[in-house]
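Labels below follow one simple rule: chain letters A, B, ... track the order of the sequence lines, proteins then strands, and each chain is numbered from 1. Both backbone and side-chain heavy atoms feed into the values below; hydrogens, waters and symmetry mates do not.
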2 protein chains.
Amino acid sequence: MKKRTYNCGLDAAVDVVGGKWKALILWALHREPLRFGELRRSISGISEKMLIQQLREMEVYGLVHREVHRQVPPKVEYSLTEFGRSLNEALIPLGDWGHRHMATIEAIPRD
Amino acid sequence: MKKRTYNCGLDAAVDVVGGKWKALILWALHREPLRFGELRRSISGISEKMLIQQLREMEVYGLVHREVHRQVPPKVEYSLTEFGRSLNEALIPLGDWGHRHMATIEAIPRD
DNA sequence: CGGTATCCATCATGATACTG
DNA sequence: CAGTATCATGATGGATACCG
């Protein structure tokens, strides 16, 4: 989240959901609330640092809700807010597109 | 474009359209082909360096077509391929979402 | 007009180790 | 279990100057 004004909606949306991980976190949480560890295991390749960093930002944005259950061992559950849910729905066509063209995308030369 | 395999379509799509500029470039080109200078003026805040860099990547991805008209002064037109057009359509709901929630997004505290 | 080439600052991401 | 701290690296972006 760098800017304060936007020229178009896409500009604003990219600013919110931008980066490698936020869209994937939204998707991982769209079915049910998950604990930190479950979330980490369900998003392959993410480090604990990036996961917590992105989750904190998404909490500030109002996309994600963080609920602490005071018990031993500690249990913290993350879930989507209505706002997060609405963003996730807006991402579905993009996910479908990626799924349809995955073979093409993987064939793109790197570097 | 960093990875070679993807867990889900959204993962792949984010890899293709990720970064601050590519979605905006797609949008700028969706109505009609534009010259380099027109493109630069229509995307506020982008530097020449980033514009040319992103365009080159999008050419490699097969999203954008670059057509050189040999004349004086030089004229180079950029347009969307069918692939680029399909990606742009998949981004429309996200753009709508951003447009609907722009006030909320601008009100999010920074840092 | 439509780029290219450098240099440089800053930011995003990653690896590893450690803690309540 | 759910994080934090620290350091390293690479990507991103801005400024400036130059070229066919």
Trainee: Take atom CD of A:E48 and atom P of C:dC18, then tell me their distance rounded to the nearest Å.
Mentor: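 In whole Å, C:dC18 P lies 14 Å from A:E48 CD.
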Trainee: What orientation do A:F83 and B:H101 show, parallel under 30°, tilted 30 to 60°, or perpendicular over 60°?
Mentor: perpendicular
Trainee: To the nearest Å, give me how far apart CZ (B:R56) and C1' (C:dG3) are.
Mentor: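 Value for this atom pair: 8 Å.
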Trainee: Calculate the interatomic distance between B:E57 atom CD and D:dG13 atom C1'; express it in whole Å.
Mentor: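 The answer, rounded to whole Å, is 13 Å.
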Trainee: Which nucleotide, C:dC1, D:dA2, D:dT4, lies nearest any side-chain atom of A:R66?
Mentor: D:dA2
Trainee: Going by heavy atoms in the side chains, are A:I105 and A:W97 under 4.5 Å from each other?
Mentor: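 In contact.
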Trainee: For A:Q71, does the CD atom sit with more than 12 other heavy atoms under 6.0 Å from it, leaving out its own atoms?
Mentor: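 Counting neighbours around CD of A:Q71, more than 12 heavy atoms of other residues, nucleotides or ligands fall under 6.0 Å, so yes.
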Trainee: Can you sort out which residues in residues 32-42 of chain B have a heavy atom within less than 4.0 Å of DNA chain C? Ascending by number, please.
Mentor: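 Those residues are B:R35, B:F36, B:G37.
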Trainee: Which one, C:dG3, D:dA2, D:dA15, comes nearest to the side chain of B:K49?
Mentor: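 Comparing C:dG3, D:dA2, D:dA15 against the side chain of B:K49, the answer is D:dA15.
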Trainee: Nearest to the side chain of A:V76, heavy atoms from C-beta on, is which of D:dG3, C:dC1, C:dG3?
Mentor: D:dG3
Trainee: Is it the case that the side chain of B:H30 and the backbone of B:W27 share a donor-acceptor pair, with hydrogens and angles ignored and the cut-off at 3.5 Å?
Mentor: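 Pair found, side chain donor or acceptor close to backbone of B:W27.
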Trainee: Just N and O in the side chain of A:Y78: are any of them under 4.0 Å from OP1 or OP2 of D:dC1?
Mentor: no
Trainee: Please state whether the phosphate of D:dA2, meaning OP1 or OP2, lies under 4.0 angstrom from any side-chain nitrogen or oxygen of A:R70.
Mentor: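 Checking A:R70 against D:dA2: no side-chain N or O falls below 4.0 Å of OP1 or OP2.
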Trainee: Please report, rounded to the nearest Å, how far the P atom of D:dA11 is from the CG atom of B:D15.
Mentor: 13 Å
Trainee: When you measure from the side chain of B:M50, which nucleotide among D:dT12, D:dC1, D:dG3 comes out closest?
Mentor: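 So the nucleotide nearest the side chain must be D:dT12.
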Trainee: How many angstroms lie between atom CG of A:L29 and atom CG of A:L24, to the nearest 0.5 angstrom?
Mentor: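 Going from CG on A:L29 over to CG on A:L24, the span is 11.0 Å.
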Trainee: Would you say the side chain of A:L63 lies within less than 4.5 Å of the side chain of A:V16, judging by non-hydrogen atoms?
Mentor: yes
Trainee: Could you tell me how far apart A:H69 (NE2) and D:dG3 (P) are, to the nearest whole angstrom?
Mentor: 12 Å
Trainee: What nucleotide, of D:dA2, C:dG2, D:dT4, holds the atom closest to the side chain of A:I52?
Mentor: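 The closest nucleotide is D:dT4.
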Trainee: A:Q53 or A:P74: which one's nearest nucleotide on DNA chain C is closer to the 5' end?
Mentor: A:Q53
Trainee: Does A:W21 place a side-chain N or O at less than 4.0 Å from the phosphate oxygens OP1/OP2 of C:dA12?
Mentor: no
Trainee: Counting side-chain heavy atoms from CB outward, which of C:dG20, C:dT13, C:dT4 is closest to A:Q54?
Mentor: C:dT13
Trainee: Name the closest nucleotide to the A:K20 side chain, picking from C:dG3, C:dG20, C:dT13.
Mentor: C:dT13
Trainee: CD/B:E59 to OG1/B:T81 distance, rounded to the nearest 0.5 angstrom?
Mentor: 10.5 Å
Trainee: Whole Å only: how far is the CG atom of B:L55 from the C1' atom of C:dT4?
Mentor: 15 Å
